[in-house]
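When a residue number appears, it is its place in the shown sequence, counting from 1.
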Amino acid sequence: MPVLPMSVMMINADILFVTTGSNASLLQNLISSIEGRTNGLKVYLVLVNQGSKILFKNEDPLLQIHTIDVGRQMSLSASRNLALKFLFNQKVSAQHIMFPDDDTSFKKDFFEIYSNLEPQSAYLAKICNEEDGADYRNYPDKSRCGKESLIPWVASVSLLIPYTIAKKIGHFDPKLGVGAKWGSSEDLDYFLRATQHLEFCFLPELKNYHPSRFGKYEKMSSENIRKRFKAYTDGYLLVYFRYNLESKLGLFATRALGGAMISIFRLNFRLSFQYLWLYQYRRKAKSYFSNLKREEPDKISLEYDF
């Protein structure tokens, strides 16, 4: 049997997690939410640390952590691609890969449900609010499978993809996602590329936890809320026009009015004004991307070699 170079690692896991961030407290909370709850499963976490070097605490032999210290801010897609490059260069045996955010957390029931899933099938998990356990968005009550029909429930933290398929998909588009030119929807783009190989099944009982959207916005300035809204809109529209899905955007602007109404109901009038601004911005942005696709289609296409 040939001897592998020292630079190549043997990684044997049931599930791979890839996450990134600069807040050591959040990253440690993610690790602690996994530690001791894996139900006998082997978990391998690749952590791209954009903050100061730190030795993260972990006493669970079934949870292995590989930290890539970059010590600087990177875009979300670029940092995830660092982790994927590392994994693709190793000898990896794993069933699935998942991309939790730094403020994601898990409970034991996630791993209990995961133990019964098919290793070569793809799934979407439900995201619940960390504060109260309520649904993060409007999800179906029952399981359902499909491709484009599942788009409303796609998020990085919910994607559960067979690792063999992830190797075929390659990397995230570095032009998409937080910190990139188009500030969101790298996960939707990744999902749509994955659906070229298989369909996904949404499982409402497969849950992870995340701070609620409204809870986050209450702590943000109006300027930062608008920046976040703009980034999400730009990336989302680019992906829809890239995959010729623009005919499905009929209610995209109108949904912002729903956010305004919910904010008024919560007596958050500042946020309701931001949602009204978002409604107007989405209408203008949709027209912009329509013209861009017609006049300069290369600007929304995939431009680099995966």
Side-chain angles (χ1 to χ4, degrees), residues 6-38 41-92 94 96-107 110-111 125 127 130 155-161 163 166-167 170-181 183-184 186-187 190 208-211 216 219-220 224 228 231:
M6 291 297 291
S7 59
V8 177
M9 299 171 59
M10 295 292 296
I11 299 172
N12 183 12
D14 294 294
I15 184 170
L16 304 168
F17 285 153
V18 168
T19 195
T20 182
S22 58
N23 186 314
S25 178
L26 287 178
L27 294 171
Q28 185 61 64
N29 286 340
L30 168 63
I31 292 168
S32 298
S33 77
I34 302 168
E35 189 179 9
R37 297 180 174 179
T38 62
L41 297 168
K42 290 181 287 187
V43 178
Y44 194 92
L45 169 62
V46 182
L47 195 161
V48 181
N49 179 23
Q50 300 179 39
S52 302
K53 281 191 176 183
I54 183 173
L55 181 62
F56 293 98
K57 298 177 182 178
N58 168 42
E59 298 180 358
D60 187 345
L62 294 177
L63 170 61
Q64 289 187 281
I65 303 172
H66 177 80
T67 303
I68 302 173
D69 288 303
V70 293
R72 59 185 175 87
Q73 289 297 121
M74 300 179 66
S75 72
L76 181 59
S77 290
S79 56
R80 284 177 177 159
N81 286 345
L82 270 183
L84 288 173
K85 181 179 180 180
F86 163 76
L87 288 170
F88 294 161
N89 287 333
Q90 311 308 315
K91 292 286 186 179
V92 177
H96 288 91
I97 188 168
M98 197 173 187
F99 302 93
D101 287 339
D102 57 354
D103 53 0
T104 297
S105 62
F106 294 90
K107 298 186 187 300
F110 174 89
F111 299 99
I127 308 170
E130 183 71 49
S156 297
V157 299
S158 63
L159 293 173
L160 192 60
I161 302 173
Y163 182 64
K167 288 195 292 184
H171 298 84
F172 286 89
D173 184 345
K175 298 186 301 298
L176 293 168
V178 176
K181 179 178 180 180
S184 75
E186 81 296 334
D187 44 9
Y190 203 78
N208 61 58
Y209 293 80
H210 193 274
K216 276 190 169 184
K219 301 175 184 177
M220 296 171 63
N224 285 336
R228 188 181 183 93

In this structure, CD of Gln28 is separated from CG of Leu55 (nearest 0.5 Å) by 9.0 Å
Here the pair of heavy atoms bringing Asn208 nearest to Ala125 is ND2-CB, 4.1 Å
Looking only at atom types and distance, does a side-chain atom of Asn49 sit under 3.5 Å from a main-chain N or O of Ser52, one as donor and one as acceptor?
-> yes
- Message: Does any part of the side chain of Val46, heavy atoms only, come nearer than 4.5 Å to the side chain of Leu16, both counted from C-beta?
- Response: no
CG of Asn23 to CG of Leu27, rounded to nearest 0.5 Å, is 6.5 Å
Separation between NZ (Lys91) and CE (Met10), nearest 0.5 Å, reads 7.5 Å
Would the distance check show the side chain of Gln50 and the main-chain N or O of Met74 forming a donor-acceptor pair, the cut-off being under 3.5 Å? yes
**Request:** Name the orientation class of the two ring planes belonging to Phe111 and Phe106 (parallel below 30°, tilted from 30 to 60°, perpendicular beyond 60°).
**Result:** tilted
Problem set entry | Side-chain touch Tyr163/Leu87, heavy atoms, less than 4.5 angstrom | yes
Residues Ile127 and Ala155: closest non-hydrogen pair is CD1-CB, 3.7 Å
The reported gap from CE in Met98 to OG in Ser156 (rounded to nearest 0.5 angstrom) is 10.0 Å
Closest heavy-atom pair, Ser77 versus Asp173, reported as atoms and distance to 0.1 Å, is OG-O, 3.3 Å
Handout entry: Flag side-chain contact, heavy atom, 4.5 Å: Ile15 against Leu160
Key = yes
Between Ser75 and Ala180 the two heavy atoms that sit nearest each other are CB-N, 4.0 Å
Is there side-chain contact between Val70 and Thr20, with at least one heavy-atom pair below 4.5 Å?
no
Is any side-chain heavy atom of Asn58 closer than 4.5 Å to a side-chain heavy atom of Leu45? no
Once you measure the plane-to-plane angle for Phe86 and Tyr44, does it fall in the parallel (<30°), tilted (30-60°) or perpendicular (>60°) bin?
parallel
Hey, does the side chain of Glu186 reach the backbone of Leu176 with a donor-acceptor pair shorter than 3.5 angstrom?
no
Side chain of Ser105, backbone of Ser33: donor and acceptor closer than 3.5 Å?
-> no
- Query: Is there side-chain contact between Phe99 and Leu76, with heavy atoms separated by less than 4.5 Å?
  - Reply: no
- Task: Might you work through the side-chain contact (heavy atoms from CB on, under 4.5 Å) test for Arg37 and Phe110, ending with a clear yes or no?
- Result: CA-CA 9 Å; Arg37 297 180 174 179; Phe110 174 89; over 6 Å; no
Please evaluate residues Ile97 and Leu84 with respect to the criterion side-chain contact (heavy atoms from CB on, under 4.5 Å), reporting the C-alpha separation (whole Å), side-chain torsions for both, the decisive distance (0.1 Å), and the verdict.
CA-CA 10 Å; Ile97 188 168; Leu84 288 173; 3.8 Å; yes
Within the 4.5 Å heavy-atom criterion, are Thr19 and Thr104 side-chain neighbours or not?
no
The reported gap from CD1 in Ile34 to CG in Leu63 (rounded to nearest 0.5 angstrom) is 5.5 Å
Exercise. Salt bridge or not for Asp101 and Arg80, using N-O below 4.0 Å?
Worked result: yes
Checklist entry - Can you find a pair of side-chain heavy atoms, one from Asp14 and one from Lys42, that are under 4.5 Å apart? => result yes
Value for CG (Leu47) from CZ (Phe17), rounded to nearest 0.5 Å, stands at 12.5 Å
Under 3.5 Å, side chain of Asp60 to main-chain N/O of Glu35, donor-acceptor pair present? no
Taking every heavy atom of Ile54 against every heavy atom of Ala24, the minimum-distance pair comes out as CD1-CB, 3.9 Å
